[in-house]
S.K.: 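The structure under discussion is supplied below as structure tokens; questions concerning it will follow.
Everything quoted here is computed from the prediction, not taken from an experiment. Numbered from 1 within each chain, the chains take letters A, B, ... in sequence-line order.
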Amino acid sequence: MKGHKAITLILMILLCGVLVYVAEDIPDFGDPKAPAIKYVKLFHLEAGASENALNQGRIPETISIALKERKFPLPSRAEKTPGAENDWDVFIPKEEAYYPKEEKFYRIKKEGERLHLYRYAFVVRWIEKGFKETGAPNMVTHGLADYRGYDTLGETVVIFTAGVSVILLLRRRSRL
Amino acid sequence: MNSKKEEENVVIETASRIMIPFIQLFALYVITHGALGPGGGFQGGVVFASSYFLYIVVFNIIEGKKRLPESVYTTLSSTGLCIYAGVGLLSIILSFGMAQYLNYGFIPFTSHFEKNRSLGIDLVEIGVGITVMAVMVSIFFDLAGKEKKDKGE
Amino acid sequence: MTSFVEHLPILIIAISLFSALTILVVGWFNNRSCIFIFWLTLLAQFIMSLFILNHVLAYGPIHYWLGGWKPPWGIELVVDSLNAYILIILLFLSLACAIYSKSNIEHELPGKRVSFYTLFQLLIAGLCGVTLTGDIFNMFVFIEIFSISAYALIAARGKIALKASFTYLILGSIGTCFFLLGIGFLYSITGSLNLHDLSILLPPFYDNKVVKAAFVFFIVGLSIKMALFPFHTWLPDAHAFAPAEISAMLSGIMIEISTYVFIRVSFSVFTLEFLKLLPVFDILCWVAVAAILMGSVMAITQVNLKRMLAYSSVANMGYIMLAVGLSLSAVESPWGGLNPALMHIANHALMKGCLFLAAGAFIYKANLWNITEFRGLAKKMPYTCAAFVIAAISMIGIPPSVGFVSKLYIIMASIEIKNYFFVAVLLISSLLNLAYFWRVIETMYMKHEEGGRSSHGSHGTSEEIPLGMLIPILLLSSLCIVMGIVWLGKVPIPVLDQVNLMFGLGKVP
């Protein structure tokens, strides 16, 4: 018995050590600018004459080349973010049926002499356009049952499997 | 002593007979209004099952088995999941292969795309609610049903 | 949607679910008809998977957007050559076990047939769902489905099987929990759950501590589920008390799907650049060597046949992990990149499936669990013992069988990187395999039965198992030799070369 307890204690200490090691770099809890909620940083470039091109709505060549070498999807047009100076939203084409053919995907911020490029998280579309596209005001419901409906099917199958397992193991006088 | 116990029994039985339909109505409200407020399929299914648990606790388990026989809840648990997976297949079939698996927009309930989607979400939540209710009741019967002691168990 | 074949991946999973539900409802009324629904569905799924492989080889990967949403906002199914290859192995072995189980189920679990087949079909649905997805959280949900079905099916027989399945339940849940923690860390850093998306979002974060910790959590969690060396303790107990066809599925498919998930997470999410930063795969090679030696040595000391085969499975998982660890360095075709690992996944499924089904046949006919009771069995059950011998020859690695081909390619890969210690380990383990299989073969063929002790009444000289159980065993054992010749003739190698090209391994053309 003592050997088992010693091994379990060592494993628990290792697990706590890994979690403490991680705690330095993980984003803060509830941070509204966390990557999973708003946007995640991709890279940065020197601003050149790109600003004029972005103000007119075109994508300058340097940004397209930088995106392509990192294998990101290529953008189609840009426009100024409503409500913020020095920020642009960049759109990419998407081929979904029936919905508008472009979607907001990247964000370019200008800080000093550099252009920082960010990518929006997927929940931004769920928050902003969820009610218009699916007709359910409750964000949890349209996230679970429409955008990610397949996972909810999997969870329901898990519940069903648990029920059948209890039938197999615990029921005695039954026809099943 | 006996009459006092029967009096208590009468109070509990009458109170639960009144409450159980309202609990079930509330459960149906939670399932169908999952798109508007808090709720949805999983939560509503459990509330619906809890009405059966109240019935079994107050009355006998044998009475409970008469109300919901084994064949009914086994079939119900399959039906709910059939509805969910069936809505997905329906969206492939009714759009002649143009739409994907769980794309509710192409099922022609109405002519608006977004209204089709919200109807699809409601159907799916009903299916989930039925399955969760039937599985909860099935597990409860298996865990709580005390039969005559079998030999060697 | 270009053609109907694009709908087939989701139809495979949907048909599984529908048939599980139908078996439960129809089985209430008619107990005998549920096996036919099961067989029909499995046959349809196997034919669909052949069409999928054909389409993927001709036109490239299939991308299927569930619900109509483009990938970061929705779930997608990705079928490329790796997926299609694993899917065919999975469905073929399930079909063999399904044909076997019709006669076996009367003996093992009388009266529980309907719920057994429902859970079996749900197990296959979960395994197909893990293989056919391109979203990492979806993989987790389907891992849950097949794990819960496995816990219940292993415990199906009754009293002592419950304890063995309980050990598997606790350890399997810890493994799944670590997998979920890894997913959570990756999501908190990048904000995306799609496999392709993660692979392009992660490169700026390779020196982030969270990403390194996520990789460690993935490795440990998946090692528990695939019974790699320090975490293998649940496997012998689970095998010793499970029904025969569930043992074949457990050792032939379930632990190999965990190695597929490991390959997918390491090479599709953490791409090749991350794996070259830290020497993780070198440590993996040494852990695999420990698994090979430990599994082979422990198998020699066992008396129960199924426990011996379980330890042999632990050793074979060591082979697959050694091949995965060597895949970064070995580049020559045909043993470069991931070729030996993927080959051994297929070969081990065939060999172990045949061995466990034969062991189940011995238990069915004469209730023989221990090797010492196998005296003179070859006269009574000639075909089963012949199939057992062919599969054992293949496990040892005698040409031209299928085990020889995978061991040959692993040896050539380790010769190429000039690490002769691994070559020595492989040869020693082949010798140890010979030691413990020879014991069984000798007892079956060369020792005569003790006088006066007959096992099942004397029905003549040959008491063979029913035909429904014999056909899968003979089919799998004959495929052990035929597939060996096919591998040596380099017929399926183009499929594996596409996998190497996709991940950037092997020789750069």
Side-chain angles (χ1 to χ4, degrees), chain B residues 42 68-108 113-114 116-121 123-125 127-128 130-132 134-135 137-139 141-143 150-153, chain C residues 1-30 34 37 41 62-71 73-77 111-112 114-115 117-118 121-122 125 129 132-135 138 145 148 152 158-160 162:
Chain B
F42 295 98
L68 199 59
E70 189 178 344
S71 63
V72 172
Y73 61 71
T74 322
T75 318
L76 272 182
S77 65
S78 302
T79 308
L81 207 52
C82 255
I83 292 179
Y84 198 137
V87 161
L89 271 189
L90 213 59
S91 76
I92 294 185
I93 296 175
L94 286 181
S95 64
F96 305 109
M98 299 300 297
Q100 288 87 2
Y101 181 61
L102 280 170
N103 201 351
Y104 312 124
F106 286 89
I107 307 178
F113 210 69
E114 285 83 6
N116 284 346
R117 286 210 102 99
S118 58
L119 282 173
I121 291 181
L123 253 187
V124 156
E125 296 284 352
V128 170
I130 294 177
T131 299
V132 171
V135 167
V137 171
S138 163
I139 296 181
F141 274 131
D142 283 330
L143 288 178
D150 301 307
K151 286 224 173 89
E153 284 299 331
Chain C
M1 296 293 116
T2 50
S3 67
F4 181 64
V5 181
E6 307 241 342
H7 287 288
L8 284 185
I10 193 62
L11 278 185
I12 287 185
I13 303 173
I15 286 185
S16 267
L17 288 179
F18 273 117
S19 105
L21 304 172
T22 318
I23 291 177
L24 192 63
V25 170
V26 169
W28 174 264
F29 303 107
N30 188 1
C34 43
I37 304 177
T41 337
I62 299 178
H63 290 269
Y64 191 79
W65 297 347
L66 279 170
W69 311 104
K70 193 161 153 65
W73 300 288
I75 303 178
E76 74 168 337
L77 299 185
K112 286 192 194 173
V114 173
S115 33
Y117 284 128
T118 311
Q121 186 67 274
L122 283 170
L132 285 174
T133 182
D135 186 274
N138 204 12
I145 294 181
I148 294 185
K159 312 167 183 65
I160 195 169
L162 289 173

S.K.: I need the residue from Ser77(B), Cys82(B), Gly120(B) with the largest number of non-hydrogen atom pairs under 4.5 Å to chain C.
M.R.: Cys82(B)
S.K.: Report yes if some heavy atom in the side chain of Val124(B) is under 4.5 Å from a heavy atom in the side chain of Tyr104(B); otherwise report no.
M.R.: yes
S.K.: Is it the backbone or the side chain of Leu11(C) that comes under 4.5 Å from a heavy atom of chain B, or both, or neither?
M.R.: side chain
S.K.: For the CG atom on Leu94(B), are there more than 12 heavy atoms of other groups (residues, nucleotides or ligands in this structure) within a distance under 6.0 Å?
M.R.: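 Buried by this count: over 12 neighbours within 6.0 Å.
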S.K.: Hey, which of Thr22(C), Ile13(C), Leu21(C) has the most heavy atom pairs under 4.5 Å with chain B?
M.R.: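 That would be Leu21(C).
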S.K.: Is the backbone N or O of Ala134(B) less than 3.5 Å from a side-chain atom of Ser138(B), with the two atoms forming a donor-acceptor pair by type?
M.R.: no
S.K.: Which region of Leu81(B), side chain (C-beta onward) or backbone (N, CA, C, O), has a non-hydrogen atom less than 4.5 Å from a non-hydrogen atom of chain C, or is it both or neither?
M.R.: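 Leu81(B) touches chain C through backbone and side-chain heavy atoms alike.
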S.K.: So, the side chain of Ser91(B) versus the backbone of Ile107(B): is there a donor-acceptor pair under 3.5 Å, distance only?
M.R.: no
